[in-house]
Amino acid sequence: MTDSLFSTRYYSYPKLDEDIRDKMQHLRQSIAKLEANLITPDSVDKASKQTEGHKDNSALENTVLAESEVDYAGELNPSQLLAATTIEGKVLVIAGAGSGKTKTLTYRTSYLIESGASPNSILLLTFTRKAANEIKGRVKSLLAESLADNRALSGLDLNAITSGTFHSFCNMLLRRYSGLLGINPKFTILDTGDSEDALDMICKDQGVVRKNMKQAFPRKKTLQKLISTSRNRHILLRDLIENDYPDIAIHIPVIEQLAMEYHRYKRANHLYDFDDIISQVVYHLKNNLQFRKLIQDTYRHVMVDEYQDTNIPQKQLIDYICKPDNVSLMVVGDDNQSIYAFRGANYENILLFGDSYPEAKLIKLEQNYRSTPAILDYVNALSEQITLGYQKKLYSSLAVDGSKPVLSRRSNDKEEAKYIADKIINLKPEHDYNDFAVLSRTSFQSNEIQLQFMQRNIPFIVVGGIKFIEKRHIKDILALVKILYNPNDTIAWHRILTLFSGVGEVTATKITNAITSRNNSFEPLLDPKLTKNKEHIKELYQVLTKAEQQETVADILQTLIDFYLPMLKMLEDNWRERSEDFRVLINLAREHSSLDNFLENLALDPPNDSVAVMGDPEKKEPDAVTISTIHSAKGLEWPVVFVNSLVDGLTPHHRSLHEFEELEEERKLFYVACSRAKTHLYLTAPDYYSSFAGYFDKVSRFIAEVPEDTVLVDSHASKARAEKPESNEPEWW
DNA sequence: TGGTGAAAAGTTTTT
DNA sequence: CTTTTCACCA
């Protein structure tokens with residue numbers, strides 16, 4: 001039994017073909033090159049003692065600014081201090097899980113400013129607005145005293161630091177420099193769904209006829225994904241399709257044509273999908289010398305967070321800005337935590353940093369402030385199974401080892417859920433509910449957990465699920481707003497017009513064509529020939545005209561909602577429940593002064609309102625167990641972490657079993673999950689799991705790969721099968 | 001245009 | 001097995 005649990009001989013591993021081998025070889029060389037440029041607190045010390053002959057203080061401590069109110073050397077560990085005070089050239093910082101990455105970026109920003117960098121020359125790029133705001137906020141409070149006391153610094157406006165997501169930064173550039181770039185600043189943003197709709201429309205426009213095709217033509221979702229992946233990973237559509245979708249290879253010319261049309265369509269109508277926002281800036285940086293120069297002159301100190309998750313256009317953006325030698329660049333990331341390749345992230349970026357910047361330095365943050373040594377041992381053991389990467393080993397300065405991760409096999413997913421619920425109830429006396437998290441490979445895997453928690457009155461919040469702005473009624477209202485803001489937004493027009501009964505694809509197209517050719521006047525809505533005399537469409541005209549005259553964003557929204565509500569009543573029987581969301585929308589609108597602002601923020605920083613709360617709804621931050629996917633847990637930590645569904649086929653996911661790189665990403669995903677835990681880590685696996693996708697009954701290979709003595713196997717697990725009924729209440733209650 | 005039924009697809013999702 | 005998407009027809 002134990003023998004089979006910790007042996008990998010029962011698993012089949014994907015073969016490494018020639019291409020991958022070559023690629024890995026190349027990556028290894030690049031890694032080795034940069035490893036040679038590793039700088040450590042010690043190496044810096046020695047070097048400076050030889051050349052300058054400092055006496056007692058370490059060289060690092062001497063770099064600390066004399067006048068500063070901030071105690072850099074006191075508050076950072078030596079490696080962090082080295083990273084914070086290395087402000088010239090190009091640097092890659094490998095920041096292991098829980099190594100104080102955000103803190104380091106904060107202190108480096110502060111150090112830059114105290115060293116004389118102007119706030120508006122600093123550019124900080126992240127993937128979430130939350131991270132961007134946190135760093136900026138922490139810099140502000142860190143420098144508050146210095147700003148007040150130090151004459152050289154007084155009067156500096158720290159708000160001038162550009163700190164944001166890739167998308168918000170590029171969006172800002174496109175609007176601010178629209179004149180220089182020759183584009184319309186009043187563009188609207190297509191989210192993924194909008195972009196699918198656009199492609200669908202273009203298919204029809206182009207006369208793509210799906211019937212009578214020998215080989216099925218890809219659906220709109222697939223098309224969108226193909227085009228997006230092709231752009232984000234810089235793989236020609238042809239190659240992408242031949243490799244990953246060989247079945248549709250005969251349609252390659254048509255798909256290429258569609259991609260071209262889609263691009264033209266967006267440019268003509270001032271529409272930008274998420275990929276455009278970045279790629280178009282890259283395009284302008286490449287082709288518009290004046291723009292490039294301006295940007296390079298503006299941003300002299302660039303920092304990038306989560307570099308392992310950047311895609312190719314994002315890398316290009318960084319490279320264009322940082323090309324001049326006098327622009328400093330620090331990218332921070334952890335190659336062990338690249339888990340977004342499926343979204344177009346290119347994990348090679350971080351491994352090839354030494355290739356892009358041969359002079360670059362490497363700094364490693366390996367001291368972990370999160371987990372106990374016992375958990376770190378496990379996490380390090382997992383790390384060793386990851387094939388490619390920079391050498392690293394996390395260590396803790398904690399004296400007590402703590403408890404080893406516990407692995408428990410239960411008969412099925414329901415028993416897993418019971419086990420987890422039992423453990424939480426047992427541990428509750430020493431913990432708040434906030435201290436617990438349950439992480440799963442897919443959101444679906446938490447269903448049983450939620451049921452168990454409900455039965456036992458364990459409060460929980462679920463992270464993820466349907467997003468607020470993806471709900472139908474919210475998208476409808478936003479489409480109305482988009483029409484007002486950018487009447488060229490044909491996608492929004494279509495969405496609204498086809499809501500009317502009797503209006504379909506054909507009529508909608510006629511109307512939008514008429515509107516576009518009449519210079520975006522709403523008049524065609526009144527044309528009886530086009531509208532077949534539908535009263536509702538006339539009302540739409542009136543409501544749009546009325547909304548245009550409203551003063552505030554909230555008033556505009558209210559006008560549109562009043563118009564839409566009767567339609568919603570016809571469309572959805574839970575309209576009452578749904579209309580609650582409009583209050584949220586109005587409240588959001590109140591925080592924005594203009595439509596630009598409102599639409600932009602909603603698209604690029606969607607409210608995380610998808611959270612389902614169980615427990616006390618009055619409290620702002622309820623004390624509740626977090627239930628989350630592993631992906632959404634990245635960057636977070638909890639004292640007690642449960643990871644469930646650890647059978648091969650679920651974790652790793654069965655669809656990733658056959659490709660080396662995909663399996664590798666799954667392995668990193670498990671690494672991310674386990675490295676969230678501070679003091680207790682519980683791993684659970686069902687004896688078997690079966691679904692349409694197959695029958696899975698082996699424990700995850702990621703567990704089997706690791707030395708047996710790093711985990712504790714909960715032995716009375718499998719005996720306690722689901723036999724005794726826990727009460728005599730009927731199950732259907 | 002909109003209803004019907006057959007046929008695919010079916011993870012993860014910071015924007 | 002369940003949900004979404006598409007083609008067909010009245």
Side-chain angles (χ1 to χ4, degrees), chain A residues 125-132 164-171 189-197 200 203-204 208-213 216-223 225 228 232 247 272-279 305-306 308-311 313-314 337-345 439-446 463-467 469-470 497-498 500-508 532 534 600-606 608 610 628-636 645 649-657 662 665-666 668-670 672-673 690-694:
Chain A
L125 293 171
T126 64
F127 279 88
T128 63
R129 208 166 289 214
K130 197 173 145 236
T165 64
F166 279 92
H167 286 85
S168 71
F169 172 62
C170 289
N171 174 65
I189 296 169
L190 303 178
D191 66 26
T192 314
D194 295 333
S195 132
E196 286 166 11
D197 291 345
D200 213 28
C203 273
K204 281 171 189 142
V208 174
V209 187
R210 287 161 191 269
K211 64 178 172 182
N212 299 331
M213 279 185 178
F217 195 77
R219 278 102 190 280
K220 57 177 182 179
K221 231 191 186 125
T222 317
L223 280 175
K225 209 166 136 193
S228 180
N232 288 334
D247 288 353
Y272 285 70
D273 64 25
F274 285 139
D275 300 331
D276 286 327
I277 294 175
I278 292 165
S279 297
D305 194 13
E306 307 275 20
Q308 77 283 352
D309 288 331
T310 51
N311 60 29
Q314 286 161 343
Q337 295 187 64
S338 60
I339 55 175
Y340 281 105
F342 71 90
R343 254 178 96 252
L439 310 182
S440 319
R441 172 62 183 84
T442 67
S443 48
F444 174 69
Q445 306 300 341
S446 71
V463 180
I466 317 145
K467 290 206 193 79
I469 53 160
E470 278 165 16
L497 289 170
T498 49
F500 300 106
S501 77
V503 179
E505 215 59 45
V506 178
T507 318
K532 303 174 195 158
K534 295 242 186 299
E600 213 175 286
N601 262 316
L602 231 57
L604 300 181
D605 186 22
N608 216 7
S610 52
S628 167
T629 59
I630 302 174
H631 282 92
S632 304
K634 197 170 98 176
L636 306 176
S645 327
L650 292 178
T651 321
H653 196 270
H654 64 95
R655 291 185 62 148
S656 303
L657 251 30
E662 287 182 37
E665 179 161 308
E666 296 282 312
K668 293 177 181 179
L669 199 51
F670 185 56
V672 169
S690 89
S691 76
F692 72 91

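Letters go in sequence order (proteins before strands), and every chain restarts at 1.
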Measure [atom1]/[X] against [atom2]/[N] and give the value in whole Å, please.
X: A:Phe342; N: B:dT13; atom1: CZ; atom2: C1'; answer: 5 Å
X: A:Phe127; N: B:dT15; atom1: CZ; atom2: P; answer: 11 Å
X: A:Arg441; N: B:dT11; atom1: CZ; atom2: P; answer: 10 Å
X: A:Glu666; N: B:dT12; atom1: CD; atom2: C1'; answer: 8 Å

Distance test, side-chain N/O of A:Ser443 to OP1/OP2 of B:dT11, below 4.0 Å: no

Would you say A:Ser632 reaches B:dT13's phosphate, i.e. side-chain N/O to OP1/OP2 under 4.0 Å? yes

Polar atom pairs between nucleotides 6-10 of chain B and protein, under 3.5 Å, N or O only, would you list them?
| residue | atom | partner | partner atom | Å |
| --- | --- | --- | --- | --- |
| B:dG10 | OP2 | A:Arg655 | NH1 | 3.3 |

Pairwise C1' distance for C:dT3 and B:dT14, with rounding to whole Å: 27 Å

Please work out if A:Glu665 contacts a base, only the sugar-phosphate, or nothing of the nucleic acid, heavy-atom cut-off 4.0 Å. nothing

For A:Arg129, answer base if it contacts any base atom (sugar-phosphate contacts may also be present), sugar-phosphate if it contacts only those atoms, and nothing otherwise; contact means non-hydrogen atoms under 4.0 Å. nothing

From the set [options], return the single nucleotide nearest to any side-chain atom of [X].
X: A:Thr507; options: B:dT15, C:dC6, B:dT1; value: B:dT1
X: A:Ser656; options: B:dT13, B:dT15, B:dT11; value: B:dT11
X: A:Thr629; options: B:dT14, B:dT12, B:dT15; value: B:dT12

Face-to-face stacking of A:His653 with B:dT11, centres under 5.5 angstrom, angle under 30°: yes

How many angstroms lie between atom OG1 of A:Thr442 and atom NE2 of A:His631, to the nearest 0.5 angstrom? 11.0 Å

Spatial distance of atom CD (A:Glu306) from atom OG1 (A:Thr126) [nearest 0.5 Å]: 8.5 Å

If a stem is a run of at least 3 consecutive Watson-Crick or G-U pairs, both distances under 3.5 Å, which stems include DNA chain B? B:1-10 with C:1-10

Any carboxylate oxygen within less than 4.0 angstrom of a Lys/Arg side-chain nitrogen, looking at A:Glu666 and A:Arg441? yes

